[in-house]
Amino acid sequence: MDLTALTIDAARTAIAERKITAGALAEAFFAKIEKDDPRIGAYLVVSKERASSKAAEIDKLAESGEKLPPLAGVPVGIKDVLITRGVRTTAGSKILGNYVPPYDCTAVRRLEEAGAVVLGKLNCDEFAMGSSNENSAWKPVHNPCDLSRVPGGSSGGSAAAVAADLAVAALGSDTGGSIRQPASFCGVVGLKPTYGRVSRYGLIAFASSLDHVGPLTKTVKDAALVLHTIAGRDPMDSTSADLTVPDYLSEIEKPVKSLRIGVAKEYFGEGLEPDTRRAVESAIQRFASLGCEVIDVSLPHTKYAIPAYYLVATAEASSNLARFDGVRYGYRAPNVRSLSDMYRRTRNQGFGGEVKRRIMLGTYALSAGYYDAYYLKAQRVRTLLTRDFEAAFAKVDAIVAPTTPTPAFKLGEKVDDPLAMYLADIYTVTANLAGIPGISIPVGKTREALPIGMQIFGKHFEEGTILRLGHAYERAA
Ligand code: GLN
C-alpha cells in the first residue's frame, strides 16, 4: 500500500480497520515531505510535534477498541492564512514572520476534533493576494506536474501538496479563485463553499465579504467529507449561516439524471485555450450521457467582474491590513525616529510589492470624492452579477464552466504584468462576488500533459448538488 497516495476515504478506513496506524501514516508523510518538498516548496512549517501527538491519541483510541471519529488519523496540510495555535502562521508575509498564534481557527479546530492530523502550514501568496504563489515572501511553489510552472495561487502550496502526495487533503482560502484555480492547475479537486457555510474565524482577512475557507482534495468524495466536518454555524463568526449542514456523503450518491446543467457562452469566449475548451465541452457531453439536461444560459455582466472584483477586494484589503502597524503584533521596524516613522518603516519593510499595490489601489478607491465612482459602482456591478446568477438558476440546477482560461503558466511569465495576472481570474471571481458555491474538478490534460479543471457552480447553500455532479463525473470518467 502506497501510504501517501491514499485518499481520505481510504486512509480513514485503513486506520479504522487497524491495517495501518495513524503514527505510521504521519511518519510516511514526514519522510515524503523531507524527500520531495525541497523541489516543490509547498510547506513553510512541518508541525511534527502536533501531528505526532494527535496521531498517538488516535492510535490509543483505536487500540482501546473505541469508535473512531470520522477523519481519524487523516494527515492534512493547512494554508498559512489559517491561524494555528502554537504553530507559526505568517500568511506568506514578512510582517507576520514570527507570529505564533494563541488560538486555532474554527476550520482547523473542527478538523482536529474529527481526528485529522495537522502536518504543517502550506505556502501561499502573501495575504492570499495572487494567482501564482509567486507573491509568497518565503519561496515560490513549483507545480508538481511540471516544476517549471506555477501551481496557481493563492493556495498554491495546498494544491501542490495534495497533488504531490505531501498531504491527503488541505485547507485553502478563496477570495477570487484561490482554491479552485490552483486545484485546476495541479489536477486536484478544490471547493469554495457558499459564503457563510464555513466559519472564517481565524482566517487572516484579505477581503472579508469575499473570503471563504474550503478543501483541496484528491477526490470529490473527500471534498464532501472535509466540507461536512468544517461547515456550520460558528458563534465566533457572525456571517456564518445558521443552517443545517446536509449529509454530503449521502447527497453525492443521489442520481444526477435529469439535473439541469447550464452552459454560459460568456465563459467560452475569447482567450480560452483550445485544449481547455475541448476538455470542458467533452465533460459537458459526459453529463448529457449521464442523463443531465444541458441548457444554454446567459450571465451578461460577466465582463465587468474583474474590475468589480479588483475594486472591492483591494478596498476591503486596504482596510483589513491597516491592523499591521508594528504596534499590536507582528514585525516592527527597528531604529525608528517617531511613531509615524515606525508605521511607515514597518509597513514598508514588512509588506511585499503586490500587497502594497493593493493597499494603495484600495485606499484610493475608498477616498473621499472617488468612493461613488469606484467602490459604490463596483458594489452595484456585484448586485448585477448576483442577479445574473439568480436568473440563470431559475432555469438550471448547476452551471459548468472552465476554471481558468489557460493551464498552468511558467514561473516568472506573468509576475511583472499584474494586469495579465488579474485578467486570468475571469472565470473564478464571479462566484465570490455572488457568494455562490463552486467546485473545480480535473477533466483532462492539455497536449503538454498539463491538468485542466472544470468548475461547477451551484445555488447558495446547495453544495450537495455540485458535489453530486462532480462525484458522478469522476466515477464516469
Ligand atoms: N487571484 C486573485 C487575487 O489575486 C484571488 C486571490 C484569492 O482568491 N485569495 O486576488
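Atoms within each ligand, like the ligands themselves, are counted from 1 in listed order. Please read all numbers here as calculations on a predicted model, not as lab measurements.
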Task: Set of residues satisfying salt bridge (Lys or Arg N to Asp or Glu O under 4.0 Å) with respect to K459, sequence neighbours excluded - done: none
- [ ] Using a cut-off of 6.0 Å, state whether more than 12 heavy atoms not belonging to Y370 lie near its atom OH.
- [x] no
- [ ] With a 4.0 angstrom cut-off on heavy atoms, strictly below it, pick out the residues next to ligand 1 and order them by chain and number.
- [x] A128, M129, G130, S131, S154, D174, T175, G176, G177, S178, F206, Y309, Y310, R358, D425
Open item on the list: Regarding R50 and D104, does a basic nitrogen lie under 4.0 Å from an acidic carboxylate oxygen?
Closed with: yes
Open item on the list: Please enumerate all residues that pass salt bridge (Lys or Arg N to Asp or Glu O under 4.0 Å) together with K54, with sequence neighbours excluded.
Closed with: E57
In residues 412-424, what donor-acceptor pairs under 3.5 Å come from side-chain atoms, sequence neighbours left out?
| residue | atom | partner | partner atom | Å |
| --- | --- | --- | --- | --- |
| E413 | OE1 | K410 | N | 2.9 |
| D417 | OD1 | A420 | N | 3.3 |
| Y422 | OH | E354 | OE2 | 2.6 |

Open item on the list: Between R200 and Y195, does the side chain to side chain contact (heavy atoms under 4.5 Å, CB included) criterion hold? Intermediate values first, please.
Closed with: CA-CA 10 Å; R200 290 181 295 109; Y195 188 79; 3.1 Å; yes
